[in-house]
Amino acid sequence: MSSLGISGFAHLFGVLAIILLLVWLLHYREGIDFDSDNGFRVFNVHPLMMFTGFIFLVGEAAMAFETVPGLRQTKKFVHMTLHLTAIILGIVGLCAVFKFHDMAHIVNVYSLHSWIGIGTFCLFGLQWLFGFVTFMIPGPSAPTRTRMLHRAFGKALLFMAVCAAETGLMEKSSFLNLKPHQREYHLINFTGLAILLFGVFVDFSINFRNFA
């Protein structure tokens with residue numbers, strides 16, 4: 001199987017995770033609206049933006065650069081643009097959860113989920129700036145060691161984002177006090193599995209390309 005074939009499974013699980021998230025947020029959790037007076041609808045912007053940006057688009061950016069045939073400069077531009085879009089969506093997602101906490105008078109950044117998430121966001125921003133300076137500004141090509149470091153750090157950040165998503169789903173399900181037999185409980189579990197498998201197949205597709 002080629003790296004493109006493996007990346008197809010990543011696309012599948014990524015789209016599936018988005019669909020499951022939308023079903024959960026729209027059907028079970030009152031909807032999505034950043035400007036709503038309902039704090040829960042404001043909060044629901046957070047998981048959607050964070051997964052779409054910091055996991056799905058980051059994974060797609062990695063695969064676009066590593067597995068899709070094309071001119072290197074074109075792939076670099078797509079890679080950096082997708083990462084910039086991820087940062088913008090991440091900012092919206094973070095603003096949503098801080099707004100919800102203010103509306104509900106909840107302390108900010110107190111849980112393991114929030115610590116991992118904030119740390120990932122900050123490191124991702126530094127990684128994007130490093131990548132922009134190293135790979136996008138005209139000049140000599142970056143040394144192989146620098147490219148390897150950038151790639152390894154990027155993969156670590158993707159799995160940090162996956163870890164943040166998984167702990168966030170667990171935290172939210174505990175707040176909701178869901179019972180194991182409830183459909184919403186199973187939906188959250190399947191969403192978490194889809195997110196995890198997306199990250200795994202992104203990693204597989206990149207590694208298969210590098211070792212082919």
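- A 4.5 Å side-chain heavy-atom check between Glu66 and Lys75 finds every atom pair outside the cut-off.
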Query - side-chain contact (heavy atoms from CB on, under 4.5 Å) between Leu16 and Phe190, worked out - result: CA-CA 10 Å; Leu16 177 61; Phe190 279 119; over 6 Å; no
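- Other residues, nucleotides and ligands contribute only 12 or fewer heavy atoms inside 6.0 Å of the OH atom of Tyr185.
- At least one side-chain heavy atom of Phe201 sits under 4.5 Å from a side-chain heavy atom of Ile6.
- The distance from atom CG of Leu20 to atom NE2 of His186, rounded to the nearest 0.5 Å, is 14.0 Å.
- Under a 3.5 Å cut-off, the side chain of Arg29 and the backbone N or O of Trp24 do not form any donor-acceptor pair.
- Contact detail for Gly31 and Leu26: the closest heavy-atom pair is CA-CD2, 4.0 Å.
- What you find for Tyr110 and His101 is that their closest heavy atoms are CE2-CE1, 4.2 Å.
- With hydrogens and angles disregarded, a donor-acceptor distance shorter than 3.5 Å links the side chain of Trp115 to the backbone of Val109.
- Considering CE of Met170 and CZ of Phe175, their distance stands at 11.5 Å, rounded to 0.5 Å.
- Taking the six-membered ring where the residue is Trp, Phe124 and His83 present perpendicular rings, their angle passing 60° and hence far from 30°.
- When hydrophobic clusters are built by joining Ile, Leu, Val, Met, Phe, Trp and Tyr residues whose side-chain heavy atoms come closer than 4.5 Å, directly or via intermediates, Phe153 is not grouped with Ile116.
- Residues Leu94 and Met50 have side chains in contact (heavy-atom distance under 4.5 Å, counting atoms from C-beta outward).
- Partners of Phe34 under the side chain to side chain contact (heavy atoms under 4.5 Å, CB included) rule, at least two apart in sequence or in another chain, are Val45, Cys95, Ala96, Lys99.
- Of the inter-residue distances, the one linking Met63 atom CE with Ser7 atom OG reads 5.5 Å to the nearest 0.5 angstrom.
- Of all the heavy atoms in Met103 and Asp37, the pair that sits closest is CE-O, 3.4 Å.
- The shortest distance between side-chain heavy atoms of Leu176 and Glu184 falls below 4.5 Å.
- Distance check, rounded to the nearest 0.5 Å: CH2 of Trp128 to CG of Leu84 gives 5.0 Å.
- To the nearest 0.5 Å, atoms CG (Leu21) and CG (Asn44) are separated by 10.0 Å.
- Phe13 is not listed as a side-chain neighbour of Leu196, based on a closest heavy-atom distance of 4.5 Å or more.
- Cluster membership for Leu12 and Ile18, using ILVMFWY side-chain heavy atoms within less than 4.5 angstrom, is not shared.
- Taking each heavy atom of Thr191 and Ala17 in turn, the nearest pair found is CG2-O, 4.3 Å.
- Between Arg41 and Glu30, the shortest heavy-atom contact is NE-O, 3.2 Å.
- The hydrophobic cluster containing Leu112 does not contain Ile195, counting ILVMFWY residues as joined when their side-chain heavy atoms lie under 4.5 angstrom apart, directly or transitively.
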Query - From CA spacing to verdict: side-chain contact (heavy atoms from CB on, under 4.5 Å), Leu89, Leu48 - result: CA-CA 9 Å; Leu89 294 181; Leu48 182 62; over 6 Å; no
Which side-chain N or O atoms in residues 158-169 pair as donor and acceptor under 3.5 Å with protein atoms at least two apart or in another chain?
{"residue": "Thr167", "atom": "OG1", "partner": "His113", "partner atom": "ND1", "Å": "3.4"}
{"residue": "Thr167", "atom": "OG1", "partner": "Cys163", "partner atom": "O", "Å": "3.0"}
{"residue": "Thr167", "atom": "OG1", "partner": "Ala164", "partner atom": "O", "Å": "3.0"}

Query - Evaluation steps, side-chain contact (heavy atoms from CB on, under 4.5 Å), between Val200 and Phe204 - result: CA-CA 6 Å; Val200 167; Phe204 281 171; 3.6 Å; yes
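- Environment of CG in Leu129: crowded, with over 12 heavy atoms of neighbouring residues, nucleotides or ligands closer than 6.0 Å.
- Taking both residues in full, the closest heavy atoms of Val42 and Phe100 are given as CG1-N, 4.3 Å, listed atom of the first, atom of the second, then distance.
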Query raised in the report: Are Phe198 and Glu60 close enough, and set up right, to give a side-chain contact (heavy atoms from CB on, under 4.5 Å), and what steps lead you there?
Result: CA-CA 10 Å; Phe198 174 74; Glu60 292 293 329; 4.1 Å; yes
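- The CD1 atom of Ile118 sits 11.0 Å away from atom CG of Leu123, with the distance rounded to the nearest 0.5 Å.
- Val58 has its side chain out of reach of Gln127: every pair of non-hydrogen atoms, C-beta onward, lies at least 4.5 Å apart.
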